[in-house]
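One structure is given here, and the rest of the page talks about it.
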Amino acid sequence: SSQRPRPRVLLKAPTLAEMEEMNTSEEEESP
Amino acid sequence: RQVTVQRKEKDFQGMLEYHKEDEVLLIRNLVTDLKPQMLSGTVPCLPAYILYMCIRHADYTSDDLKVHSLLTSTINGIKKVLKKHNDDFEMTSFWLSNTCRLLHCLKQYSGDEGFMTQNTAKQNEHCLKNFDLTEYRQVLSDLSIQIYQQLIKIAEGLLQPMIVSAMLENESIQGLSGVKPMGYRKRSSSMEGGENSYCLEAIIRQMNSFHTVMCDQGLDPEIILQVFKQLFYMINAVTLNNLLLRKDVCSWSTGMQLRYNISQLEEWLRGRNLQQSGAVETMEPLIQAAQLLQLKKKTQEDAEAICSLCTSLSTQQIVKILNLYTPLNEFEERVTVSFIRTIQAQLQERSDPQQLLLDFKHMFPVLFPFNPSSLTMDSIHIPACLNLEFLNEV
């Protein structure tokens, strides 16, 4: 029916450790 | 401080819009440079609600890159603050409250019916429409555990130096100093006061301070209970370990003072309505050690009484305390070898842990039960002191 909510799209997330790794490498790259 | 950003009451749907290039400013003003004191008098966990309203707008416009970017910057911002303030109880508690609240919001407004049972119709209108943020919820849950561990580490670091003198050395019961074991009166400088001497009142003052901060910041009550269970366990472990290693405190009078101190701590828990935390239960080995010091230790009946009472102490610990027990005066006898053998014989069936000392660094696993908020997003005001005037209310 039109009342039924649309299925939501799963947003993939990195793990906390992966996020930290990305963050560290970004910091290293920037002067 | 109470000045709010002007908004059109009737139009506000509880979403906040910003330009992508303002994300850096948003994280700086709301996370990395924010001082918790700036928000006193406002809704607890305001940063979490503001962040949710920003996420909701990005979801509303189906901008997945903006959601990814905001959540990643938020998480990295929180981690940065925690690293910078790794010895600051107030700051750590503040970000634990906010991280948990953001996690609760992502559940409460996920659209998952299991999390919506307590929502009002208005709150249901504020659910996410396009994205499923389950994976980000896992990241926030992992981050909450890290912050909780930092909070406990800070609290333990503040309490630990007080424990031995406050629990075992300080004498608050009048007249008890006259009945200290022979040869141990005025034994050590730490018993005479000075820099490293604390009374129980100091521990209680410190715990009052922890409790007030966590309550004011809107930390979930279930988490506050777990914090105190953990801290009481540590007080128990450090005190018992010292008792097990020091002859001078294994006496009737220390047993008496210790029992009194524990009852003061129990009273404090009741006064703060924390008795259901399980904190007292973690003190059971110490309670029993205090009673063991006070019980008679001579006859077969005494041995039976000790064995039936000391169920939270291992045989090794009971025997150690009995061996260390120091008579008060020439009229009290030492515990005899045969009495200790009787105890050992009675307890031989027990399967006790092998180590004598408790692991005072042991941490109970933490749980963050879902705690939805009754607050509605469109009722939230953003104080001008946050400098977030670039956020547009939608």
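Values below: all heavy atoms of this structure, side chains included; hydrogens, waters and symmetry mates excluded.
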| task | Tell me, yes or no, whether the heavy-atom count around Lys66(B) atom NZ, taken from other residues, nucleotides or ligands under 6.0 Å, exceeds 12. | result | yes
| request: Mind checking the CD-CG spacing from Glu135(B) to Leu11(A)? Nearest 0.5 Å is all I need. | output: 8.5 Å
| message | Apply side-chain contact (heavy atoms from CB on, under 4.5 Å) to residues Asp132(B) and Val9(A) and explain how you reach the verdict. | response | CA-CA 5 Å; Asp132(B) 173 347; Val9(A) 178; over 6 Å; no
| request: Give a yes or no on this: more than 12 heavy atoms of other residues, nucleotides or ligands lie within 6.0 Å of atom NE2 of His19(B). | output: no
| message | Need one label for Gln146(B): side chain, backbone, both or neither, based on atoms under 4.5 Å from any heavy atom in chain A. | response | side chain
| message | To the nearest 0.5 Å, what is the distance between CD on Glu18(A) and OG1 on Thr72(B)? | response | 11.5 Å
| field | OG1-CD distance between Thr15(A) and Gln138(B), expressed to the nearest 0.5 angstrom | value | 10.0 Å
| Is it the backbone or the side chain of Leu143(B) that comes under 4.5 Å from a heavy atom of chain A, or both, or neither? | both
| Does a sphere of radius 6.0 Å around CZ in Phe115(B) hold more than 12 heavy atoms from other residues, nucleotides or ligands, not counting ones at 6.0 Å or beyond? | yes
| request: Pull out the residues in residues 94-114 of chain B that come under 4.5 Å of chain A, heavy atom to heavy atom, sorted by number. | output: Ser110(B), Gly111(B)
| field | Gap between atom CZ of Arg8(A) and atom CG of Leu133(B) - 0.5 Å precision | value | 9.5 Å
| Shortest non-hydrogen contact from Ala13(A) toward Val139(B) | CB-CG2, 4.2 Å
| note | Asn76(B) and Met19(A) have their tightest heavy-atom pair at OD1-O, 4.0 Å
